[in-house]
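Worksheet: one structure, shown below.
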Amino acid sequence: MDFSFPKKERLTSKKRFQQLFEEGKQLTAFPLRMYYLPIQSNDEPKFKIAVVAPKRHFKSAVKRNRIKRLLRESYRHNKHRIFNNTKGQYALVILYLGKEMPTFDLVERKMHALFKKFLKTISDERPI
RNA sequence: GGAGCAGGCCACCUUAUCGCCUUGGAGACAAUGUUUGCAAGGAGGAAAGUCCGGACACCAUAGUGCGGCAUAGCGGGUAACGCCCGUCCACCGAAAGGUGAGGACAAGUGCAACAGAAAGGAUGUACAGUACGGCUGUAGUGAAAUCAGGUAAACUCUAUGUGGUGAAACGCCAUGUAAACCGGUAUUUAAGGGUGGCACGCCCGUGCUGGAGGGUAGGCGGAUAGAGGUUUUGGGCAACCAAAAUCCUAGAUAAAUGAUAGGGCUCGACAGAAUCCGGCUUACGGCCUGUUUUAUAA
């Protein structure tokens, strides 16, 4: 299984970010929230993703870094779950809504739940 | 040992697995990019606050004068400083030691509780002296009573310094339509306008000519080898300076340096580079050295 997380799979365009928050749909598995939006691009990978820890809740840069690392790590371990079961390309943002520092275990469990929801919603949206 | 004072050092370690960023050289695709595996490197003492000082870049809204602002014993260090070192003085402390808006009241203006006749255009009372002039001395209140009085973290004056903006600066490339955009040159300074608080000045015009511009948060440069670190020698009380040898030590851009599992110990605080340096300030765990004082209680 591919556990890598190269730069190409990251969401880096500011334009995309704006678009995602304005037009994207959201799913929540507290304390995680996902924004997603289908995209069309030939030379880009299946998913482009970014993680966010708001400054509002965590003033310390060290804590924000820690949360983002946990989220990235969790995504990296679990991305095969959505890679292998979807068609089309998506841009994703995963937001941490909580106000307390999470443990890795909690983030893992919530990430599973979030992906499950995501897969279900995607297949419902796609009448074949 | 207790209570202080000064200075220095460290910033959990380690193994495995899975990952991230940069650089180097190798292979493949193929044209300077993608990809595969390899090697090396990968946050701080404060990276923080953005409070001072510079480097660098751009802008006549950049110049000149006034104003404003900053600094303030004396001497030295430095690229520079409001920083650092030495030293005098004042204050705090039993001491080690610490603190410091420490220039000028002999330019002008203002202010001064209580006490006191009177507090800044002085001169009342008593006594004594007398050149008989509120002229001299003493007493009395007060921190201070005519003395070149005190006070400038009072206005003020003196000396020195000071343009503004800030890497989202700035330069280049790509995409792409016309005038507006920029440079050169000729000519005119009339009205009006712009301009960091004011004045002067400066800029804005038109013709010709050459180049290509606006908008875009695409890419590259700026951008990491530097007022650099370490050691030795020499100079200096010191801050620091000079010479030689040696080392290369993050460079991201929605932003890398991590996650999990095991082991160990003294059980890990504050905290994450963003153009780069020198300081200051604030947050904070631990260890060591020197030194002052106290005590013989365990």
Side-chain angles (χ1 to χ4, degrees):
Chain A
M1 253 183 279
D2 179 20
F3 288 124
S4 72
F5 183 37
K7 206 169 193 172
K8 280 197 306 184
E9 290 182 24
R10 292 187 207 162
L11 188 57
T12 54
S13 156
K14 288 189 175 183
K15 233 180 214 168
R16 277 274 160 71
F17 255 86
Q18 285 232 315
Q19 214 181 2
L20 197 54
F21 283 118
E22 283 164 13
E23 303 168 24
K25 296 173 184 172
Q26 50 170 288
L27 292 169
T28 306
F30 192 85
L32 301 181
R33 172 172 289 172
M34 173 196 273
Y35 287 83
Y36 69 95
L37 188 70
I39 53 173
Q40 292 262 316
S41 176
N42 286 332
D43 28 296
E44 291 194 278
K46 232 173 155 178
F47 286 92
K48 284 185 83 81
I49 183 170
V51 297
V52 173
K55 209 170 187 174
R56 208 148 34 94
H57 295 326
F58 298 95
K59 223 181 155 194
S60 154
V62 172
K63 288 181 181 171
R64 286 199 305 276
N65 264 350
R66 163 85 181 166
I67 290 167
K68 283 155 79 176
R69 282 166 180 162
L70 287 176
L71 292 179
R72 265 199 297 269
E73 194 67 9
S74 179
Y75 171 79
R76 188 171 71 77
H77 281 127
N78 295 295
K79 68 177 195 174
H80 62 272
R81 293 169 190 270
I82 55 174
F83 251 67
N84 299 335
N85 299 315
T86 53
K87 291 171 183 172
Q89 294 175 305
Y90 289 91
L92 306 179
V93 168
I94 296 177
L95 199 71
Y96 185 75
L97 297 175
K99 293 178 182 173
E100 307 290 319
M101 286 302 289
T103 60
F104 184 71
D105 189 55
L106 176 84
V107 174
E108 279 277 281
R109 279 189 286 114
K110 294 300 179 180
M111 193 65 81
H112 284 192
L114 194 63
F115 280 178
K116 221 168 158 184
K117 254 187 181 176
F118 176 65
L119 289 172
K120 186 167 184 301
T121 318
I122 294 294
S123 56
D124 288 350
E125 271 177 4
R126 193 183 286 272
I128 305 172

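Chain letters run A, B, ... following the sequence lines, proteins first, then strands; residues in each count from 1. Basis for what follows: all heavy atoms, side chains included, without hydrogens, waters or symmetry-related copies.
With a cut-off of 3.5 Å on both Watson-Crick or G-U wobble distances, the partner of B/rG176 is given as none. Applying the Watson-Crick and G-U wobble criteria (two distances, each under 3.5 Å), B/rG41 pairs with B/rC21. Summarising the base pairing, B/rU230 is matched to B/rA245 through a Watson-Crick or G-U wobble pair whose two defining distances lie under 3.5 Å. Nucleotide B/rA94 is matched to nothing when pairs are restricted to Watson-Crick or G-U wobble geometry with both distances under 3.5 angstrom. A 3.5 Å limit on both hydrogen-bonding distances identifies B/rG171 as the Watson-Crick or G-U partner of B/rC220. With both pairing distances under 3.5 Å, B/rC284 is matched to nothing as a Watson-Crick or G-U wobble pair. Across every strand in view, B/rC198 sits in a pair with B/rG65 that passes the Watson-Crick or G-U test at under 3.5 angstrom. Of the nucleotides present, B/rC127 is the one that pairs with B/rG137 by Watson-Crick or G-U wobble criteria, both distances under 3.5 Å.
In this structure, A/Leu70 atom CG and B/rG19 atom P are separated by 18 Å, rounded to whole Å. In this entry the distance linking CZ of A/Arg69 with P of B/rA254 reads 16 Å, nearest Å. In this structure, A/Arg66 places its CZ atom 16 Å from P of B/rA271, rounding to the nearest Å. Following rounding to the nearest Å, A/Lys68 (NZ) and B/rA252 (P) show an atom-to-atom distance of 17 Å. The distance between atom CG of A/Asn65 and atom P of B/rC20, rounded to the nearest whole Å, is 18 Å. Here B/rG272 presents its C1' atom at 16 Å from NZ of A/Lys59, a figure rounded to the nearest Å. Taking atom NZ on A/Lys63 and atom C1' on B/rA48, their separation rounds to 15 Å, with Å as the unit. Rounded to whole Å, the distance from NE2 on A/His77 to P on B/rC20 is 11 Å.
Ranking B/rG272, B/rA254, B/rA255 by closeness to the A/Val52 side chain, first place goes to B/rA254. If you check B/rU257, B/rG272, B/rA259 against the side chain of A/Val62, the one that comes closest is B/rG272. When distances are taken from the side chain of A/Arg72 to each of B/rA259, B/rG272, B/rU257, the shortest belongs to B/rU257.
Shown here, B/rA43 is classed syn by the O4'-C1'-N9-C4 or O4'-C1'-N1-C2 angle, which is within 90° of 0. B/rA113 takes the anti form, because its glycosidic angle lies more than 90° either side of 0. Taking 90° from 0 as the syn/anti boundary, the base of B/rG222 is oriented anti. For B/rC173, the base adopts the anti conformation, since its glycosidic angle falls more than 90 degrees from zero. Applying the 90° cutoff around 0 to the glycosidic angle, B/rG45 is assigned syn.
With hydrogens and angles disregarded, no donor-acceptor distance shorter than 3.5 Å links the side chain of A/His57 to the backbone of A/Ala53. Judged purely by atom type and a 3.5 angstrom limit, A/Lys117 uses its side chain to pair as donor or acceptor with the backbone of A/Thr28.
Using atom P as the reference point in both B/rA227 and B/rA26, the two lie 35 Å apart (nearest Å). Across B/rC284 and B/rA46, the matching P atoms stand 16 Å from one another, rounded to whole Å. B/rC69 and B/rC173: their C1' atoms are spaced 45 Å apart (whole Å). On the P atoms, B/rU185 is 46 Å away from B/rG24, given to the nearest whole Å. Between the P atoms of B/rG63 and B/rA255, the separation comes to 44 Å (whole Å). Spacing of P atoms, B/rA243 relative to B/rC155, comes out at 49 Å, to the nearest Å. With both ends at atom C1', the span from B/rC270 to B/rU165 equals 35 Å, rounded to whole Å. B/rU294 and B/rA95: their P atoms are spaced 12 Å apart (whole Å).
Nucleic acid contact class of A/Ser60 (heavy atoms, under 4.0 Å, all strands): sugar-phosphate only. No engagement by A/Arg64 is indicated, since no non-hydrogen atom pair under 4.0 Å with the nucleic acid exists.
Using the six-membered ring where Trp is involved, A/Phe58 and A/Tyr96 have ring planes that are tilted, between 30° and 60° apart.
The CG atom of A/Leu92 lies 7.5 Å from the CZ atom of A/Phe115; values are rounded to the nearest 0.5 Å. Here the CZ atom belonging to A/Arg64 is positioned 7.0 Å from the NZ atom belonging to A/Lys68, to the nearest 0.5 angstrom. Note that CZ of A/Arg72 and CD1 of A/Ile49 are 10.0 Å apart. Values are rounded to the nearest 0.5 Å.
Of the candidates A/Arg69, A/Glu108, A/Lys79, A/Glu108 is the only one forming a side chain to side chain donor-acceptor pair (under 3.5 Å) with A/Ser74.
The base of B/rC18 is paired with the side chain of A/Arg76 by a donor and an acceptor separated by under 3.5 Å.
Position along RNA chain B of the nearest nucleotide to A/Asp105 versus A/Ala50 favours A/Ala50 as the more 5'-ward residue.
There is no path of hydrophobic side-chain contacts, each under 4.5 Å, that joins A/Val62 to A/Leu70.
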